[in-house]
A.B. asks: 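Got a structure here, written out as structure tokens. Questions coming.
The basis for the numbers below is simple: all heavy atoms, side chains too, and nothing from hydrogens, waters or symmetry mates.
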Amino acid sequence: MAIKQARSFFPFPLLGVDFDNDSAFMNEFVVSWCRSEELEVTRSRAYRKNDQAHVEQKNGAIVRRLVGYGRFVGAEATAVLGKLYAVVRLYGNLFQPSFKLQEKTRIGARVIKRYHPPVPPAARVLAHPGVAEADRQRLQAMMETADPVLLFAGIRAAQEELGGGSIVVA
């Protein structure tokens, strides 16, 4: 199951799973498995019908920028996309800095946002006091063994393989 595999990638315990409201992802089998694993199961925020737009925004910001808008079909495409996402996951979480909102102030109709300095997600995890020492050491070891130049080269190689013409695009 994909959730079980994804769970192994996190440097800390997974406490819950938040699904969108599509039955393609959230079905009785998945919900019962999550509950048997003592994972809290939630859905998109109640009374926020535009929540899905935020997920789709990530598709545009991450997935579409990496692979474009084509629909890849077949086992070969799935394997190459799996390699690409594995490398992107490490590169993005270990080395790609991102902003995190510090505060948001509303003055009339104007909203002023202030952000923390950009740091990679892994650095935020390491700085968090609630992360167990064993998880912290595992993440630290990942950061020390990963090479951003090699990861970036892996991203480019997988993109070349996808765009090489042997992969079927529907």
A.B. asks: Check the pair T78, F72 against side-chain contact (heavy atoms from CB on, under 4.5 Å), reporting the backbone distance first and the verdict last.
C.D. replies: CA-CA 8 Å; T78 302; F72 295 97; over 6 Å; no
A.B. asks: F95: what forms a ring-ring contact (aromatic ring centres under 6.0 Å, His included) with it, not counting sequence neighbours?
C.D. replies: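 Testing F95 for ring-ring contact (aromatic ring centres under 6.0 Å, His included), a comparison that skips the adjacent residues, returns none.
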A.B. asks: I need the E103 CD to Y115 OH distance, nearest 0.5 Å.
C.D. replies: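 The OH atom of Y115 is 11.5 Å from CD of E103, to the nearest 0.5 Å.
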A.B. asks: I'd like to check K104 versus V111 (side-chain heavy atoms, cut-off strictly below 4.5 Å). Are they in contact?
C.D. replies: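 They are in contact (side-chain heavy atoms under 4.5 Å apart), so the answer is yes.
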A.B. asks: If you measure from the Lys or Arg side-chain nitrogens to the Asp or Glu carboxylate oxygens, is any gap between K83 and E161 under 4.0 Å?
C.D. replies: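 Result for this pair is yes, salt bridge flagged.
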A.B. asks: Under 3.5 Å, which donor-acceptor pairs do the side chains of residues 152-159 form with other protein atoms, sequence neighbours left out?
C.D. replies:
{"residue": "R156", "atom": "NH1", "partner": "Q159", "partner atom": "OE1", "Å": "2.6"}
{"residue": "Q159", "atom": "NE2", "partner": "L66", "partner atom": "O", "Å": "2.9"}

A.B. asks: Before accepting this row, confirm whether a basic side-chain N of the pair E37/R7 lies closer than 4.0 Å to the acidic partner's carboxylate O.
C.D. replies: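 Result for this pair is yes, salt bridge flagged.
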A.B. asks: Would you list the pairs meeting salt bridge (Lys or Arg N to Asp or Glu O under 4.0 Å) in which at least one residue belongs to residues 144-155, sequence neighbours left out?
C.D. replies: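 Salt bridge (Lys or Arg N to Asp or Glu O under 4.0 Å) check on residues 144-155 returns no pairs.
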A.B. asks: Taking all non-hydrogen atoms of both residues into account, name the closest pair between C34 and I3 and its distance.
C.D. replies: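 Closest approach of C34 to I3, heavy atoms only: SG-CD1, 4.1 Å.
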A.B. asks: Other hydrophobic cluster members with V119, side-chain heavy atoms of Ile/Leu/Val/Met/Phe/Trp/Tyr under 4.5 Å, chained?
C.D. replies: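 Cluster partners of V119: none, it stands alone.
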A.B. asks: Rounded at 0.5 Å granularity, tell me how far CZ in R124 sits from OG in S98.
C.D. replies: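 That separation rounds to 4.0 Å.
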A.B. asks: Of all the heavy-atom pairs spanning M143 and A122, show the shortest one and how long it is.
C.D. replies: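 For M143 versus A122, the nearest heavy atoms are SD-CB, 3.8 Å.
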A.B. asks: Is a side-chain donor or acceptor of D135 paired with a backbone partner of V131 at a separation under 3.5 angstrom?
C.D. replies: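 Side chain of D135 to backbone of V131: no pair is present.
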A.B. asks: Using a 4.5 Å cut-off between side-chain heavy atoms of Ile, Leu, Val, Met, Phe, Trp and Tyr, which other residues end up in the same hydrophobic cluster as F9?
C.D. replies: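 Once heavy-atom contacts under 4.5 Å are chained together, F9 still belongs with nothing else.
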A.B. asks: List in chain and number order the residues that pass salt bridge (Lys or Arg N to Asp or Glu O under 4.0 Å) with E38, two or more places apart in sequence or in another chain; answer none if no residue qualifies.
C.D. replies: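 Applying salt bridge (Lys or Arg N to Asp or Glu O under 4.0 Å) to E38 gives none.
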